[in-house]
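Working notes for the structure below.
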Amino acid sequence: MYTKALKYLRYAVSPILKTFISILILIFSIFFIKSIAPSKIYAEVTFTYDISTTYTIHDDFVNTKEVKTITNNTNNRYIPSTEFASFFIPQYDDTDVEKYNEILKSIKTSPSNYITDKVEGGYEIKIPFGKDLTSGKSITFTIEYNDYQLMDIVGNVKNIHFPKIIFPDKNQYEINHSTIVRVPVQPSQNIYYNLTPDQITNDEQYLNLKFNKTQISQNNIYLQLGTQQFFSFKLSQHIPQTYSLKNNIDIQQNNIKLSLPREYEETNQQVYIKSITPEPYNIYTDDEGNIFAEFILSATVEQNIEVEGYILTSLDSNKKIPTFINKEDLAKNDLLTSSALFWESDSEIVMDAIQKIPETDNVIEQIQNIYNYTVETLDYSYEKINDNNRLGAEKALAGYPAVCMEYSDSMIALLRAEGIPARSAFGRGFNSKLSESEQEDHQWVQILIPEYGWITADPTWGENGRIYIGPDLDHVLWYTSEQSPVAISPLSYVIAENVNLESPIIKFTPMSSDISNEIESSTSIDQLISNDNAKDKETVDYYFSNLIINLKTSPLSRIIDQIFPILIGIFSVIVLLLVISVITWLFKKIKKLQIT
């Protein structure tokens, strides 16, 4: 009985065992075949990307050449021939269709076949692999095109901006990248760049500036080519007639204070005055270095104040922004770090914003972090361009519409909240894409740092993806403010007693030619102030103080002004009667003599 049971069990289990063994053999065979056969790429596979980008600067465009070599470091993965190598051409201004058509027409690739797709923010250029990229193999792709959007030309200065590159955050990919900027060698050309290159070489035709992966992943590269920038300017301030007995205004002269363009160390800005009409009674400099001219003008007639001159700016290529400044080394300055009108650095909204900004002991990095936060948080409002209602930092950071005033006010408030000295700067920022009539008054930021002085930062212009921290030749400084002026229009700092004035009309013109001859016939702003200080100030001050006293309205002066025309009429009648009486007397006398 026991033997029969075992026999039965053996026959019953045998098919199951055979099936189980067959399944094991099948699974083992699949894994073996898979291990020796190449397979399609997956996200977890390691590949090496060796990328080099070369920018060659020409007269009005930048030739861009990118070479990308992909190497398969795996033993059992591959990229199929149907895949594409992707390149991206950013589009900064989607309204300039003609410019981008020229860019697209200039594209050359290797391999020569490619597909162009319009994507958000630009164009994607896809080059097919054409063959499988198997283990241990490499494929190289090249794209070359003429980029007309990286260069702006203003006067005799070229501005070239190269955007930073964002690399994928994937440890499975090894990415090696280098950028070379090739600048034509010209004896008289000054070259300014915001980043110190990793390597500089020089051949017969080009200066080659090489930047490493860390530099280009954290910063935009900005170059400015040119020795100096020249501007001519003309200011016209209309002064209406204000003397009127009808409106009970009997002040016959007005005091006008008008700001003039100032000098500035970071860009070696120099100001030359060609003419000022009428001649001011006083020209002086305030504690910040701003220049003011004061006029005493008749209120009985309508007239204009006209100021013409030239502004020169230049860059010192040897003056570099420090790479590290410790917060402890910042100068203690309550005026430049305290809360003020429009710069509410101690408000809850500003303090909440500070908590969202990465903290670092390096002031230079902190300035960059605050700059980036301002640009990312605020949205530029084109509807607000014609609205001069200045909102200040608190409202701007809360989401109100923003233009340059709000961008600079917000950054100043954030900087001051961090204990970094900052002030506002007003003047003109030149955009080569706009005509002269389209250029607008502008406001930006200046930051005081040790070992350098005042440094320029323009967060409004950061909206186009380019970082404006440091000197450039596109900004013309008119005046600065450390205490947040109420004046709205940057160039309308006009104070007039008893007069409501419109903003002055100021025209700037970048000049591409040397203006040495014009400067020789003009007067520097320093010399103008020096000459003015040589005047007899006691006489001028006595005249001005007595003028103000005499111009004060009094009941007696008002009565005299009102009865003066009546007195003139009565006097005229009396004179007329006297004349008639004399003539009558003479006529009678002559007639009597004739009778005699």
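Computed from a prediction, not measured in an experiment: that's the story for all the values here. Any value given below was found using the heavy atoms of this structure, including those in side chains, with hydrogens, waters and symmetry copies removed.
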**OP:** Give the minimum heavy-atom separation between Pro163 and Leu150, together with the two atoms involved.
**Re:** CD-CD2, 4.2 Å
Original post:
Taking only residues at least two apart or on different chains, which pairs with a member in residues 203-212 satisfy salt bridge (charged side-chain N to carboxylate O under 4.0 Å, His left out)?
Top reply: none
Subject >> Any donor-acceptor N/O pair, Lys68 side chain to Ser86 backbone, under 3.5 Å >> reply: yes
Subject >> Given Ile107, Asp117, Ile115, the one that forms side-chain contact (heavy atoms from CB on, under 4.5 Å) with Ile125 >> reply: Ile107
**OP:** Using side-chain contact (heavy atoms from CB on, under 4.5 Å) as the criterion, list what pairs up with Leu448, not counting sequence neighbours.
**Re:** Leu336, Pro421, Trp454
**OP:** Identify the two heavy atoms, one from Leu397 and one from Ala353, that lie closest to each other, and give their separation to 0.1 Å.
**Re:** CD1-CB, 4.5 Å
**OP:** Determine whether Val154 and Leu473 make a side-chain contact, defined as any pair of heavy atoms from C-beta on separated by less than 4.5 Å.
**Re:** no
Original post:
Got a sec, which residues hit side-chain contact (heavy atoms from CB on, under 4.5 Å) with Ser110, two or more places apart in sequence or on another chain?
Top reply: Thr142
Subject >> Test item: side-chain donor near acceptor, Asn268 and Gln228, under 3.5 Å >> reply: no
Original post:
Is there a donor-acceptor pair under 3.5 Å between the side chain of Asn72 and the backbone N or O of Leu133?
Top reply: yes
Subject >> Basic-acidic side-chain contact under 4.0 Å: Asp152, Lys158 >> reply: no
Original post:
Would you say Asn156's side chain and Gly226's backbone share a donor-acceptor pair under 3.5 angstrom?
Top reply: no
Original post:
Pairs in or reaching into residues 355-368: which pass salt bridge (charged side-chain N to carboxylate O under 4.0 Å, His left out), with residues at least two apart or in two chains?
Top reply: Lys327-Glu359
**OP:** Go through Tyr371 and Ile447 one step at a time and tell me if the side-chain contact (heavy atoms from CB on, under 4.5 Å) criterion holds.
**Re:** CA-CA 12 Å; Tyr371 181 97; Ile447 308 160; over 6 Å; no
Subject >> Donor on one side chain, acceptor on other, Thr140 and Thr69, under 3.5 Å >> reply: yes
Original post:
Counting N and O atoms only, with roles assigned by atom type, does the side chain of Asp50 sit under 3.5 Å from a partner on the main chain of Asn176, one being a donor and the other an acceptor?
Top reply: no
Original post:
Where do Phe233 and Ile273 land on the side-chain contact (heavy atoms from CB on, under 4.5 Å) test, with the steps shown first?
Top reply: CA-CA 9 Å; Phe233 73 90; Ile273 302 299; 4.0 Å; yes
**OP:** Considering non-hydrogen atoms only, spot the tightest contact between Thr323 and Asn362 and give its length.
**Re:** O-ND2, 3.0 Å
Subject >> Ion pair check, Glu102 and Lys105, cut-off under 4.0 Å >> reply: yes
Subject >> Heavy-atom closest contact (Trp343 atom, Glu482 atom, distance) >> reply: CZ3-O, 3.6 Å
**OP:** Would you confirm whether Gln269, through its side chain, and Trp478, through its main-chain N or O, come within 3.5 Å as a donor-acceptor pair?
**Re:** no
Original post:
Would a line drawn from the ring center of Phe162 to the ring center of Phe211 be shorter than 6.0 Å?
Top reply: no
**OP:** Indicate yes or no for a side-chain donor-acceptor contact from Arg428 to the backbone of Glu440 under 3.5 Å, with no hydrogens or angles considered.
**Re:** yes
Subject >> Step-by-step ring-ring contact (aromatic ring centres under 6.0 Å, His included) determination, Tyr114 to Phe87 >> reply: CA-CA 10 Å; Tyr114 65 90; Phe87 298 84; over 10 Å; no
Subject >> Heavy-atom pair of closest approach, residues Thr214 and Ser217 >> reply: O-OG, 3.0 Å
Subject >> Donor-acceptor pair between Gln446 and Thr480 side chains, under 3.5 angstrom >> reply: no
Subject >> Asn73 and Thr46 side chains, donor-acceptor separation under 3.5 Å >> reply: no
Subject >> Basic-acidic side-chain contact under 4.0 Å: Glu406, Lys384 >> reply: yes
**OP:** Only pairs at least two apart or in different chains count here, so list each ring-ring contact (aromatic ring centres under 6.0 Å, His included) that has a residue in residues 116-150.
**Re:** Phe61-Tyr148, Phe129-Phe141
Subject >> Between Asp472 and Asn159, a side-chain donor and acceptor under 3.5 Å >> reply: no
Original post:
With Glu266, which of Thr313, Asp316, Thr456, Leu315 fulfils side-chain contact (heavy atoms from CB on, under 4.5 Å)?
Top reply: Thr456
Subject >> salt bridge (charged side-chain N to carboxylate O under 4.0 Å, His left out) contacts touching residues 127-151 (sequence neighbours left out) >> reply: none
**OP:** Report the C-alpha distance between Tyr380 and Tyr382 in whole Å, list the side-chain angles of each, state the deciding distance to 0.1 Å, and finish with yes or no for ring-ring contact (aromatic ring centres under 6.0 Å, His included).
**Re:** CA-CA 6 Å; Tyr380 192 87; Tyr382 289 94; 5.0 Å; yes
Subject >> Residue pair Tyr407 / Asp458, side-chain donor-acceptor N/O under 3.5 Å >> reply: no
Subject >> More than 12 heavy atoms of other groups within 6.0 Å of Glu265 CD >> reply: no
Original post:
When rounded to the nearest 0.5 angstrom, what distance separates CH2 in Trp444 from NE2 in His442?
Top reply: 6.5 Å
Subject >> Check: Trp461 ring centroid to His475 ring centroid under 6.0 Å >> reply: yes
Original post:
Is the NZ or CZ atom of Lys274 positioned over Tyr310's six-membered ring, under 6.0 angstrom from the centre and within 45° of the axis?
Top reply: no
Subject >> Heavy-atom pair with the smallest gap, counting every atom of Gln149 and Ile103 >> reply: NE2-CD1, 4.2 Å
